[in-house]
Amino acid sequence: MNRIVHIMKMKKITYKLFMITSLILLSFAVLIYLILYFFLPTFYEQYKTNQLQSGIEKIIHNSKDLQLHNATPLFEDYIKNNNAFIFLQNKEGTIIYSPTFMMQGITQSPNLTAKAALIKNEETLTNAFSVTLPIEFLDEDNLTVTVLATFQPIDEASQVLVRFLPYISIIVVCIGLGSAYLYSRFITKPLIYINEGAQKMANLDFSEHIVVRSNDELEELSNSLNEMSNNLQQTMIDLQIANEQLKDDIERERKIETKRREFFATIAHELKTPLTVMKGYIEGMIYHIGPYQDRDVYLEKNHKIIERMEQLVREILSMSKLEQDTFKLQLEEVKVLELFDSVTKDLGFFASEKDIQIIKQISPFMYIRTDRDLLEKAFKNIIHNAIMYSPQGETVLIEVTEFPKENQVQIKVINTGVKIKEEEIQQLFEPFYRIEKSRNRDTGGSGLGLYIVKQVFESLSIIYSMKNTEEGIQFIVTIPK
């Protein structure tokens, strides 16, 4: 349907241009014909009169230096060139010279006076040039020359134009209409082609370029449309990319928001459980119910619960700090050996309780540029987990290797004698995830330790991974120097 409407519009443009061009050509043809018919006789008469007048005046001027019989060739040339009739007469009115020439409707008689000749041919010479002027020769004077010339040929030409009008009209109409048709087709063809290309662009179809080779405004228009098509196509691609990016951002934000809600829900649960236990202990002590009468025992238990809650709050605040946009890293040169000496010193008590040996293989001259506090916090959580989840009497190995070509340091923390299911390894980095499903505080932590490790390493652009080996669990960290 759209194609039919498009073709009808194009035909309408061609039709308009054809009609306008035809009317202009026909109008010019009629105007030229009218000008020829009405103004050509007057123009011809004026031109002929000037030619006859100037010719006879020239003969009169030259005759003063000639005898009559020598001037005869001048009269003959004048008669021949102007289709005129000349005769000379003396002061008595007798014609003394008249060439052997007879004009249409004029008869010559040697004894006929000029006045009688004019009267006799008055009817024929109503539309003619007539002038009588004095003329002198070396051997004759007191003579007059009379010139007669008819304008009849131009009248006949006008009549021929009238009779030829139908034929002229047919020729003019055929030529005009044919020319208008070819002209309109020639002009509208590139316009139709350009319009079809523009319609495709309007429908966001940029598969074809408009090619017009005319070295004029149409070619400039086609080039402008092609440039617009390229810009629109690039803009559409950019918008599509931006839209996909926006979708990804929105989806990521939704996931973050979902995780955030789950996180707060879990926090609420993590805080609610110990608070409920503490409330039960305190109520039992207040009302002296059963074993709760021994207040010292349950006060100590409440104190431990409060310490765990305090530790949980510190971990939550630490994690929240890392997620803030205003958080800035405090980068400095850190000696790797000193960093791990500090970590293992703080965790020595927990290792000694389980008779776990911590072995460090670290060069004393190895440095990295990083945020010391954050990195220390992350490795403290990693090594603490290695100690807590290793069986009695196992080993925790800390091995640091430098790769100068890659300009990076690789740190391995291996705790022996333990395995983790492969499907659970990545989940360990989720907040509050624990392998021990009972979530007993006596057998595990808050479930935020490795989640904080993940946040720290992502903030420091550190690559990390954890996997099972024959020896046990291996945590690998790669730090750019």
Side-chain angles (χ1 to χ4, degrees), residues 204 206 231-275 308-331 368-382 384-385 408 411 420-437 439 444-467 473 475-480:
L204 303 181
F206 307 109
N231 293 336
L232 284 175
Q233 188 175 10
Q234 185 60 45
T235 301
M236 292 293 294
I237 293 173
D238 294 341
L239 287 175
Q240 187 175 4
I241 294 173
N243 188 46
E244 292 296 328
Q245 183 65 39
L246 182 60
K247 287 181 179 179
D248 294 340
D249 292 342
I250 292 174
E251 185 63 27
R252 185 164 54 252
E253 288 295 328
R254 286 177 179 173
K255 290 181 180 179
I256 292 174
E257 183 62 25
T258 301
K259 289 183 178 181
R260 192 182 302 277
R261 291 178 181 178
E262 293 175 353
F263 179 75
F264 282 114
T266 306
I267 289 176
H269 175 74
E270 292 291 324
L271 293 176
K272 180 181 179 181
T273 300
L275 287 173
R308 290 172 182 168
M309 292 177 62
E310 184 181 11
Q311 178 64 24
L312 176 62
V313 170
R314 282 198 297 267
E315 290 177 347
I316 293 172
L317 291 175
S318 176
M319 182 183 58
S320 176
K321 181 181 178 182
L322 291 174
E323 292 178 344
Q324 291 179 3
D325 295 334
T326 56
F327 174 74
K328 294 183 179 180
L329 298 174
Q330 303 297 324
L331 300 179
I368 56 176
R369 181 172 178 78
T370 186
D371 189 311
R372 180 189 177 93
D373 293 338
L374 288 180
L375 194 62
E376 184 175 347
K377 179 188 292 291
F379 277 108
K380 188 175 290 185
N381 285 346
I382 294 171
H384 182 265
N385 277 2
Q408 61 187 19
I411 302 173
I420 300 176
K421 294 179 181 180
E422 292 293 335
E423 61 270 16
E424 291 186 331
I425 289 179
Q426 292 303 319
Q427 292 180 308
L428 290 174
F429 295 95
E430 298 297 324
F432 298 108
Y433 183 84
R434 291 178 57 189
I435 296 176
E436 199 279 306
K437 304 301 180 183
R439 307 187 66 81
S446 64
L448 288 176
L450 290 182
Y451 180 67
I452 293 175
V453 169
K454 173 185 174 183
Q455 297 294 96
V456 169
F457 286 165
E458 289 180 354
S459 299
L460 296 174
S461 300
I462 292 174
I463 301 172
Y464 64 95
S465 65
M466 189 168 68
K467 64 179 181 179
I473 300 298
F475 203 113
I476 303 176
V477 179
T478 303
I479 305 175

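- To the nearest 0.5 Å, atom NZ of residue Lys247 and atom CZ of residue Arg254 are 11.0 Å apart.
- Within the 3.5 Å criterion, the main-chain N or O of Val453 finds no donor-acceptor partner in the side chain of Asn381.
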side-chain contact (heavy atoms from CB on, under 4.5 Å) evaluation trace for Ile452 with Lys377: CA-CA 9 Å; Ile452 293 175; Lys377 179 188 292 291; 4.0 Å; yes

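- Of the inter-residue distances, the one linking Ile473 atom CD1 with Leu428 atom CG reads 8.5 Å to the nearest 0.5 angstrom.
- Interatomic distance, Met236 CE to Asn243 CG, rounded to the nearest 0.5 Å: 10.0 Å.
- Ring planes of Tyr464 and Phe457: tilted class, angle from 30 to 60°.
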Derivation and outcome, side-chain contact (heavy atoms from CB on, under 4.5 Å), residues Ile462 and Val477: CA-CA 7 Å; Ile462 292 174; Val477 179; 3.2 Å; yes

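- For the atom pair CG (Asp371) and CG (Leu329), the distance works out to 5.5 Å, reported to the nearest 0.5 Å.
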Candidate pair Leu275 and Met309, rule side-chain contact (heavy atoms from CB on, under 4.5 Å), full reasoning: CA-CA 9 Å; Leu275 287 173; Met309 292 177 62; 3.6 Å; yes

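- The two residues Met466 and Ile425 have their closest heavy-atom pair at O-CG2, 3.4 Å.
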Residues Thr478, Ile411; criterion side-chain contact (heavy atoms from CB on, under 4.5 Å); working and verdict: CA-CA 6 Å; Thr478 303; Ile411 302 173; over 6 Å; no

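- Atom OG1 of residue Thr370 and atom CD1 of residue Ile479 lie 6.5 Å apart, to the nearest 0.5 angstrom.
- A 6.0 Å sphere centred on CD of Gln240 holds no more than 12 heavy atoms belonging to other residues, nucleotides or ligands.
- Residues Val456 and Leu374 come closest through the heavy atom pair CG1-O, 3.4 Å.
- Going from atom CG of Leu246 over to atom CD1 of Ile241 covers 13.5 Å, rounded to the nearest 0.5 Å.
- In plain terms, the two heavy atoms of Pro480 and Ser461 that are nearest each other are CD-O, 4.0 Å.
- Applying the 6.0 Å contact sphere to CG of Leu239 captures more than 12 heavy atoms from other residues, nucleotides or ligands.
- Judged as a side chain to side chain donor-acceptor pair (under 3.5 Å), and not counting sequence neighbours, the contacts of Asp238 are Gln234.
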